[in-house]
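Input: a single structure, listed below in structure tokens.
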Amino acid sequence: MTKCSTCPVCRFHALPPEQSSQVCMVCGNTEGLWLCLICGYVGCGRYEEDTHVVTFERTNHTYSMDVEERCVWDYVGDNYVHRLIQNKADGKIVAVQDQDGVLEEKFESLTLEYSYLLTQQLESQRDFFEKKLLFVEQEAMERISIIDEEVQKVTQEKERFKKLYEESEEERRKQEKKGEEERKRLEKKIETLTSKFNVISKDL
């Protein structure tokens, strides 16, 4: 929010809490404070030392704001007011006078228009985020599908290599068995030849 250097309220709230004059300028009280909207004077309300009323009687500054509640009080009308404008004739701050409820009707009309615009914006934002969410979900599903395909391919490759390994092991066992049988056959043949050789040697 833009702060005006000439506005006492803006100057009051522009300072940090420890530096702002949130004490009565007369008695130093810190409770029930009111801020003059004309000159920026800070004083006690009527339920404390009532220094703000005395200041109003002295300066004729009509409007003051409750520092804690942020409500504006009209000392002349003796009631709360919340719509203030600057008088074009003398530049003084005055309360807006509602003639025959025109201002109230305009205010209600503006309120309805604002509510309608706000509803439109909220609907637009909801549609935008719903589409965004749908896009994210679709993208996530596509990525999941791709990952599933990759996992399936890897699984198939693993099964293929497993089958090749089992086949090679089976072939290895067959070759080992065949080699063992061939070794035994050769040993038996050698033994037979050796026996024959020994018989022939004796005859000679």
- prompt: Salt-bridged, R183 to E187, with N to O below 4.0 Å?
  reply: yes
Output a table of donor-acceptor pairs, distance under 3.5 Å, between side-chain atoms of residues 162-176 and any protein atom two or more places apart or on a different chain; print 'none' if there are none.
unit_1 : atom_1 : unit_2 : atom_2 : d
S168   : OG     : L164   : O      : 3.2
S168   : OG     : Y165   : O      : 2.6
E169   : OE1    : R172   : NH2    : 2.9
E170   : OE1    : R173   : NH2    : 2.8
E171   : OE2    : Q175   : NE2    : 3.0
R172   : NH1    : E176   : OE1    : 3.4
R172   : NH1    : E176   : OE2    : 2.6

- request: Identify the two heavy atoms, one from S64 and one from C36, that lie closest to each other, and give their separation to 0.1 Å.
  value: OG-CA, 3.8 Å
message: What I want to find out is whether K178 reaches E181 closely enough, with some N-O distance under 4.0 Å, to be called a salt bridge.
response: no
task: State whether the side chain of T194 and the backbone N or O of I190 hold a donor-acceptor pair below 3.5 Å, judged by distance alone.
output: yes
statement: The reported gap from CZ in F197 to OG1 in T192 (rounded to nearest 0.5 angstrom) is 15.0 Å
- prompt: To the nearest 0.5 Å, what is the distance between OG (S115) and CD (Q120)?
  reply: 11.5 Å
- line: Separation between CG (L193) and CD (E191), nearest 0.5 Å, reads 10.5 Å
message: Closer than 4.0 angstrom, basic N to acidic O: yes or no for E182 and R185?
response: yes
Listing, residues 122-141 side-chain donor-acceptor contacts under 3.5 Å, not counting sequence neighbours, or none:
unit_1 : atom_1 : unit_2 : atom_2 : d
E123   : OE1    : R126   : NH2    : 2.8
E139   : OE2    : R143   : NH2    : 3.1

- request: List the steps and the verdict of salt bridge (charged side-chain N to carboxylate O under 4.0 Å, His left out) for E157 and R160.
  value: CA-CA 5 Å; E157 286 294 310; R160 188 173 69 86; 3.1 Å; yes
